[in-house]
Amino acid sequence: MTEVPGGSSNLADEKVLVLDFGAQYAQLIARRVREQNVYCEIVRHDLPAERIRELAPKGLILSGGPSSVYETGAPKCDPKIFDLGIPVLGICYGMQLICEALGGKVAHAPAREYGRTRIGVKNGDIAAADDLFAGVPSETTVWMSHGDQVQAVSDDFVPLATTATCPIAAVKHHARPIYGIQFHPEVTHTPDGAKLLGNFVKIVCGCRGTWKLGDFAAETIAAMRKRIGDRRVICGLSGGVDSSVVAALLYRAIGDRLSCILVDNGLLRKDEEKAVIDEFTRHFKTDLHVVKAEDQFLAALAGVTEPQEKRKKIGHVFIECFKKEAKRIEDAHFLAQGTLYPDVIESGGNPDGPAAAIKLHHNVGGLPAELGFELVEPLRDLFKDEVRRLGLELGLPEDIVWRHPFPGPGLAVRCLGEVTTERLVTLREADAIVVSEIKAAGLYRQTSQVFAVLLPVQSVGVMGDARTYENALAVRAVDTDDFMTADFSRIPYDVLARISTRVINEVKGVNRVVYDISTKPPATIEWE
């Protein structure tokens with residue numbers, strides 16, 4: 001499990017550790033703790049108690065996970081951690097693990113709970129209102145996602161909360177600072193989740209909340225400067241906020257020993273290459289290489305329709321382009337990338353961990369060992385909103401910092417079915433219209449990501465007096481804080497109407513526009 005760069009620095013004089021049992025939301029827990037200005041990092045679930053003692057955390061959080069605690073081979077923690085005297089909070093699987101380890105019983109629930117659930121807090125029975133649930137209403141909404149539940153606890157525990165189908169939804173140890181909650185406080189679907197996590201780190205763990213994101217920048221710059229030394233780093237530049245922040249961090253760390261490569265893969269948005277070059281030359285005074293490789297990428301994608309195969313092929317060509325261009329750059333030793341944690345966890349980026357893979361990214365799962373560079377990924381433990389805040393800390397302009405994210409494989413994963421020059425032209429023009437209308441309506445900063453998706457579907461239409469049989473286009477717009485969960489944006493109907501009218505009138509080959517109203521989960525933000 002990767003730890004946050006610089007995590008052992010004296011700048012983080014108090015920290016909380018998250019023991020990861022394979023939860024899709026493990027890093028989201030860490031992010032929520034950092035919002036309390038408390039440094040947090042993720043470690044393996046089986047970290048020995050003695051090592052935890054050496055790290056001297058102020059608290060431990062046991063994450064959720066996809067396993068059942070009673071299954072053979074289910075991930076377990078060192079039971080000695082409960083004897084360290086360090087406050088512990090178990091979330092979902094983490095709660096079940098605590099209760100089973102300390103004499104309780106966990107079994108498959110008669111009714112699985114998934115989604116928003118009303119919970120009743122038993123503040124009147126014990127002093128729960130004074131610590132973990134301080135300031136939380138006696139009835140509130142939480143996000144559940146479990147098929148197992150704690151059916152019984154030992155006499156050392158007292159139940160703190162209940163739902164209609166889960167009689168033990170939260171627990172507290174009588175004598176030790178050990179707590180468990182069956183629900184997920186880290187997701188935005190639990191309105192009082194931030195309050196509860198704040199109570200844990202501030203009241204239970206006694207953290208003062210003095211850590212700042214600026215400390216992360218200082219630590220990361222110092223760590224990269226020490227690791228890189230006098231060698232040269234190549235940065236894969238895309239023009240998005242992630243690669244721009246990476247470039248800014250590296251420029252602060254090593255100055256003119258940074259070389260950036262922009263690969264024009266033919267999968268960029270309209271006028272993307274020119275915009276990237278203009279932005280780069282305005283804000284950085286370093287070495288820029290532009291590789292024209294559209295023909296190579298499209299040749300590799302010919303006839304390919306399966307999403308994961310698209311990503312793999314794009315990754316392979318991407319690597320070859322980098323290797324070829326890097327040979328022209330003297331002393332190139334490191335390759336820097338703007339990998340974020342959602343990329344890592346959704347890609348199953350920790351092959352030895354218990355998390356399940358959802359999708360591949362060419363800058364994570366597609367990099368083979370023969371790449372020839374050491375990877376530098378200074379943002380791989382941050383979320384998008386943290387990266388944006390970091391960009392502002394580093395002095396990047398707002399038009400870069402607030403730019404909507406764009407996937408590494410580019411328009412290939414928004415062009416469903418086969419990727420061809422003709423279909424890319426259609427998608428590129430339609431996407432430009434969608435984004436321009438969102439900006440014209442003043443909604444660009446209010447939405448987190450907006451784009452068009454060209455579907456492998458033709459539909460019947462009528463234009464003038466003629467029957468048409470042309471492409472359908474989907475518009476996707478989402479609101480999210482962390483890109484691990486997302487809701488569809490409530491775009492006004494008149495804006496959607498203008499988008500539809502312009503696309504159908506101005507983009508050859510499209511006669512139908514639809515709006516995607518699915519949430520994440522269960523859908524993902526990108527269609528492929």
Side-chain angles (χ1 to χ4, degrees), residues 23 25 28-29 31-33 35-36 59 61-64 87-99 104-174 177-205 479-482 484-487 490 519-522:
Y25 300 141
L28 188 50
I29 300 171
R31 177 186 173 277
R32 298 299 186 208
V33 172
E35 288 178 350
Q36 303 293 327
I61 298 178
L62 311 189
S63 82
V88 179
L89 173 65
I91 296 176
C92 195
Y93 180 88
M95 169 181 163
Q96 297 166 12
L97 191 64
I98 289 171
C99 291
K105 181 182 179 182
V106 177
H108 189 69
R112 185 174 185 270
E113 279 187 311
Y114 184 84
R116 291 181 174 88
T117 304
R118 294 294 294 176
I119 192 171
V121 181
K122 300 181 178 181
N123 286 341
D125 298 340
I126 60 168
D130 296 331
D131 44 50
L132 190 64
F133 285 92
V136 176
S138 58
E139 286 195 7
T140 186
T141 299
V142 298
W143 182 264
M144 289 284 197
S145 179
H146 66 99
D148 295 336
Q149 65 184 33
V150 176
Q151 293 192 342
V153 292
S154 70
D155 292 339
D156 293 326
F157 283 92
V158 60
L160 298 182
T162 184
T163 73
T165 60
C166 184
I168 306 177
V171 294
K172 175 183 180 179
H173 195 281
H174 278 297
I178 299 176
Y179 300 78
I181 51 177
Q182 185 59 66
F183 55 91
H184 290 271
E186 68 273 23
V187 300
T188 55
H189 305 308
T190 300
D192 294 302
K195 177 67 176 175
L196 188 145
L197 286 173
N199 289 342
F200 178 70
V201 298
K202 299 286 183 63
I203 298 176
V204 179
C205 300
D479 300 331
T480 178
D481 290 328
D482 47 59
M484 293 295 283
T485 62
D487 197 2
R490 270 58 174 181
T519 62
K520 176 185 180 180

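Predicted model, so just to flag it, every value in this text is computed and none were measured.
Within the structure, every pair that satisfies the side-chain hydrogen bond (donor to acceptor under 3.5 Å, both in side chains) test and touches residues 177-187, not counting sequence neighbours, is listed here: Gln96-Gln182, Asp131-Tyr179, His184-Glu186.
Between Leu89 atom CG and Cys205 atom SG the span is 8.5 Å, to the nearest 0.5 Å. With values rounded to the nearest 0.5 angstrom, Gln149 atom CD is found 11.5 Å from Lys105 atom NZ. Annotation: the span from His108 atom NE2 to Gln151 atom CD amounts to 10.5 Å, rounded to 0.5 Å. Note that SG of Cys99 and NE2 of His173 are 10.0 Å apart. Values are rounded to the nearest 0.5 Å. Atom CD1 of Ile168 is separated from atom OG1 of Thr162 by 8.5 Å, given to the nearest 0.5 angstrom. Atom-to-atom distance recorded for Arg32:CZ and Leu197:CG is 8.5 Å, nearest 0.5 angstrom.
Between Thr485 and Lys520, every side-chain heavy-atom pair lies at or beyond the 4.5 Å cut-off. Taking 4.5 Å as the limit, some side-chain heavy atom of Leu62 sits within range of a side-chain heavy atom of Val88. The shortest side-chain heavy-atom distance between Leu196 and Leu132 falls under the 4.5 Å cut-off. Within the 4.5 Å cutoff, the side chain of Ser63 has heavy atoms near those of the Ile29 side chain. Side-chain contact check for Thr188 versus Trp143: every heavy-atom pair is 4.5 Å or farther apart. Taking the side chain as every heavy atom from C-beta outward, Ile61 and Phe200 approach each other to under 4.5 Å. The side-chain heavy atoms of Val158 and His174, taken from C-beta on, include a pair separated by under 4.5 Å.
For Pro191, the side-chain contact (heavy atoms from CB on, under 4.5 Å) partners at least two apart in sequence or on another chain are Thr141.
Using modelled atom types, one finds a donor on one side chain and an acceptor on the other under 3.5 Å when comparing Asp192 with Thr140.
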Side chain to side chain contact (heavy atoms under 4.5 Å, CB included) evaluation trace for Ile91 with Phe183: CA-CA 7 Å; Ile91 296 176; Phe183 55 91; over 6 Å; no
Worked verdict on Glu139 versus Val121 for side chain to side chain contact (heavy atoms under 4.5 Å, CB included): CA-CA 6 Å; Glu139 286 195 7; Val121 181; over 6 Å; no
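Residues Phe133 and Leu160 come closest through the heavy atom pair CE1-CD1, 3.7 Å. Between Ala194 and Gln36, the shortest heavy-atom distance links the atoms O-NE2, 3.4 Å.
With hydrogens and angles ignored, the 3.5 Å screen pairs no side-chain donor or acceptor of Thr163 with any backbone N or O of Pro167. In this structure, Asn199 contributes its side chain and Ala134 its backbone to a donor-acceptor pair below 3.5 Å.
A side-chain contact (heavy atoms from CB on, under 4.5 Å) with Thr190 is found for one member of Val142, Ile181, Ile119 and no other, namely Val142.
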